S.K.: 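Structure incoming, see below.
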Amino acid sequence: MKTAKKPVKTPAKAPKAAAKPKVAFFDFACCEGCQLQITNLGETLLDILGAVDVVEFREAISEKWDKDYDVVFIEGSIGDHHAEERLKKIRARAKVLIAYGSCATIGGVNGMKNSFELDEIRRSVYGKDYKLFDSTPTKAVHQVVKVDYFINGCPVYGPEILEVIKHALRGLPYTVPDNPVCAECKLNENVCMYERGIACLGPWTRAGCNSWCVNNGNICYGCRGEVSNPSKAAQDVISKYKLKPELIKNKFDMYNKCKENDKSEKGK
Amino acid sequence: MAKTTGKNIDIKVDYVTRVEGHGNIVANVKNGKIEKCEFHVVETPRLFEGMLRGRSIFEAQHITSRICGICSCGHSLASIAAAEDALGVVPTEQTIKLRKLMLDYEFLDSHVLHAFLLVAPDALGVPSFVPLVKTHNQTVRQILRLKKAVNDCCDILLGRHIHPITAIVGGWTKLPRQKDLDAQIKIMEGMTAELEPLLKLAKTLKLPDFTRETEYVALVSDDGEYPLLSGDIGSSDGKRVSRKEYRKSTNEFIDPRSSAKWTKWNRESLFVGALARFNLNYDKLHPKAKAYAKEIGLKPVCHNPFMNTMAQVVETIHCYYHALGILKDLRKNGLDYSQEITVGVNEKGAVPVRAGDGVGSVEVPRGILHHNYVTDENGLIKQANCIIPTNQNVNNIEHDFAKFLPEILHMKQDDIRLRLEMLVRAYDPCISCSAHYLDVTFVE
Ligand code: SF4
Ligand code: SF4
Ligand code: SF4
Ligand SMILES: [Fe+2]
């Protein structure tokens, strides 16, 4: 796959070097799996490295950079005061900010923390010393600072990473797919989980992963966030299969609990 | 040798790089006397054990996999083992064989990344693999190709390597077909082109000479197989307990400076990971792995923590041949596809659930990992406990620091810092698993 070799506005015969965009990666509360998806791109990684200057990527390199960034990737969700401050500082130095992976775009699994009373869940893990560890309700990145691009997925999906990087480097907008996973699932000719008697979150979940889990015999867990308009199909599923809405809500909370933080806002 | 008396040092490394997650090193020396030499793991506590409460035990694999991307196969397997133990589900031989294959892939992937991509720059004296792209372009390409190859095998077997899809409680949602086995074998056999030169290169890595006796803890078993997926918990101090008694081997205590829980067993600290397994189970390694160990002069019991990286290289060879063996065996004898299971059937009560208390102890690349779930009669998790290898090692790292720092105190501050960072990296700490942070502080 070809990656954008030139930054925005450079004409066909661009002057070399100098113009390379400065790119940085930062992680917050997360499993760092989304960063690893990048090393899993194999030699395509070298093409990307050829097109940009990676100035910070703590997991893989030791160089540090103290000027502005052209593009930053934020991985992980925000779950304590220090993280919130750090994120705001990064935003102030970043021209373009990409929320990278579901922890960043929707809070992801970290959002389950918000189903509990904060002190109670801290005490349950750390016992009487729980106050030693600062913790705030989980927030997605856009719930703290402005986000320019969203890359959903837990983990992110290789082809989409490259797609968004291309757009971001050219300064073009990227529209996150807003149709349900079912659309891709049907194209892949999977037997619908509902036909097998199992509840699946495909009808509610944003596509873009090529129905990754269902192709492999599992259900969709909703990791890419909710479509802005769960279609009539989703309602039909509920009535046709006589689903308890609580069952779906409970499943949905695994990734999407943080959505409650932006109830009032619409979409992203 | 430079004078160390009257020397003042103040090292603070925020976020040690090239480890998974964040850790800090703090070292203070005043008038040649060490006041402080600590390794802190501080990150946003993610509270997985708390979040699991109330979730179905059938969801535990999916959730705990997200503790750590790089260890996701290991967490999945420990989680599945704990859940099956709680439910009383006994996996079939075929299921176990495929899980062993999955674990081999996890070792290959993780060890290659750590030993070559993250540690080699230290040995070659550059800050990261980025300059190596210019100076050692072939090598970087070999590493990336190797990683990609393992990843491609995982894609076929697991749907994806990070957060595997097909391995769940009870078995596999999708079993590899003949063509899938052929594809994996082809990729594996093709890997030697990359692996051979890297193994040669690894022989030239110069690692610091440092020893400190400690307790090595790893799975042990009575059969002839190098134990990774099952067995008892064994120690180089001669103790052995069943996995149900894992708490005996991991007496946890909380260090207020880090969001990690620390452990010890029969002495002040313990070591888990490739070197522990190598030290305890050397005899069961694949002959080719043993031959390589001999060549590089690595033999049990080795007390140099820096050699953990070399033990990882030795295990890379072992897992490579072990995986290939499983694949060929499956291709020859075929699979029973009626064992393919449907996820989520418990929703309809197809899997009987019961109240239970289950433990899963699995060797993952960085050491022994325990998951423990207590469930109610509906299969909902009441209590969860995950004891992560890095947390078991942090205490040992600090004890190493205490011995190592005086030995290198004559060096320049930057060299001291580098060596302390290298020591931490040798453990291949996974701080995403435990916590996230590394700080070294020096002032002269
Ligand atoms: S989105 Fe998922 S894979 Fe990515 S960092 Fe978060 S938990 Fe890990
Ligand atoms: S509900 Fe699930 S299995 Fe059915 S079509 Fe949608 S994504 Fe596919
Ligand atoms: S199928 Fe659903 S859970 Fe799986 S990757 Fe796609 S959106 Fe995420
Ligand atoms: Fe980990």
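Here the structure is a predicted model, which means the values were calculated and not measured. Throughout, protein chains are lettered first and strands after them, A, B, ... in sequence-line order, and every chain is numbered starting at 1.
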S.K.: Given a strict heavy-atom distance threshold of 4.5 Å, which part of B:I143 is in contact with chain A: side chain, backbone, both, or neither?
M.R.: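 For B:I143, neither part sits under 4.5 Å from chain A.
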S.K.: Can you name the closest pair of heavy atoms from A:I121 and B:M51 and give their distance?
M.R.: CD1-N, 3.7 Å
S.K.: Among the options B:S72, B:G159, B:A149, pick out the one with the most heavy-atom pairs lying under 4.5 Å from chain A.
M.R.: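 Top option by heavy-atom pairs under 4.5 Å: B:G159.
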S.K.: Using heavy-atom distances under 4.5 Å, tell me whether B:I63 contacts chain A through its side chain, its backbone, both, or neither.
M.R.: side chain
S.K.: Identify the heavy atoms of A:S124 and B:G50 that sit nearest to each other, and give their distance.
M.R.: OG-CA, 3.7 Å
S.K.: Distance from B:H62 atom NE2 to A:C223 atom SG, nearest 0.5 Å?
M.R.: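 Answer rounded to 0.5 Å: 7.0 Å.
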S.K.: side-chain contact (heavy atoms from CB on, under 4.5 Å) between A:S102 and B:R66: does it pass, once the steps are laid out?
M.R.: CA-CA 11 Å; A:S102 296; B:R66 270 84 186 161; over 6 Å; no
S.K.: How far apart are the closest heavy atoms of B:K174 and A:N215, and which atoms are they?
M.R.: NZ-O, 3.4 Å
S.K.: Could you look at A:N250 and say if it's the side chain, the backbone, both or neither that has a heavy atom under 4.5 Å from chain B?
M.R.: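 The answer is both parts of A:N250.
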S.K.: Would a line drawn from the ring center of B:H163 to the ring center of A:Y221 be shorter than 6.0 Å?
M.R.: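 They do not qualify: ring centres at least 6.0 Å apart.
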S.K.: Is a side-chain N or O of B:T173 found less than 3.5 angstrom from the main chain of A:N216, in a donor-acceptor match?
M.R.: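 Side chain of B:T173 to backbone of A:N216: a pair is present.
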S.K.: Counting only heavy atoms not in B:Q383, do more than 12 fall under 6.0 Å of its CD?
M.R.: no
S.K.: Minimum heavy-atom separation for A:L36 and B:G69, please, with both atom names.
M.R.: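 Reported closest heavy-atom pair: CD1-C, 3.9 Å.
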S.K.: Just by modelled atom types, is the B:I165 backbone N or O under 3.5 Å from a matching donor or acceptor in the A:N218 side chain?
M.R.: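 Confirmed, A:N218 side chain pairs with B:I165 backbone.
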S.K.: When you look at CD of A:E189, are more than 12 heavy atoms from neighbouring residues, nucleotides or ligands closer to it than 6.0 Å?
M.R.: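 Atom CD in A:E189 is not packed in, count stays at 12 or less.
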S.K.: Which atom pair, heavy atoms only, marks the closest approach of B:R55 to A:M112?
M.R.: CD-SD, 3.7 Å
S.K.: Where do B:L47 and A:F116 land on the side-chain contact (heavy atoms from CB on, under 4.5 Å) test, with the steps shown first?
M.R.: CA-CA 11 Å; B:L47 307 170; A:F116 298 86; over 6 Å; no
S.K.: Given heavy-atom pairs under 4.5 angstrom as the criterion, report whether the side chain, backbone, both or neither of A:C154 touches chain B.
M.R.: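 Interface part for A:C154: both.
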S.K.: Is the shortest side-chain heavy-atom distance between A:Q37 and B:R160 below 4.5 Å?
M.R.: no
S.K.: Is it the backbone or the side chain of A:R123 that comes under 4.5 Å from a heavy atom of chain B, or both, or neither?
M.R.: neither
S.K.: Need one label for B:V140: side chain, backbone, both or neither, based on atoms under 4.5 Å from any heavy atom in chain A.
M.R.: side chain
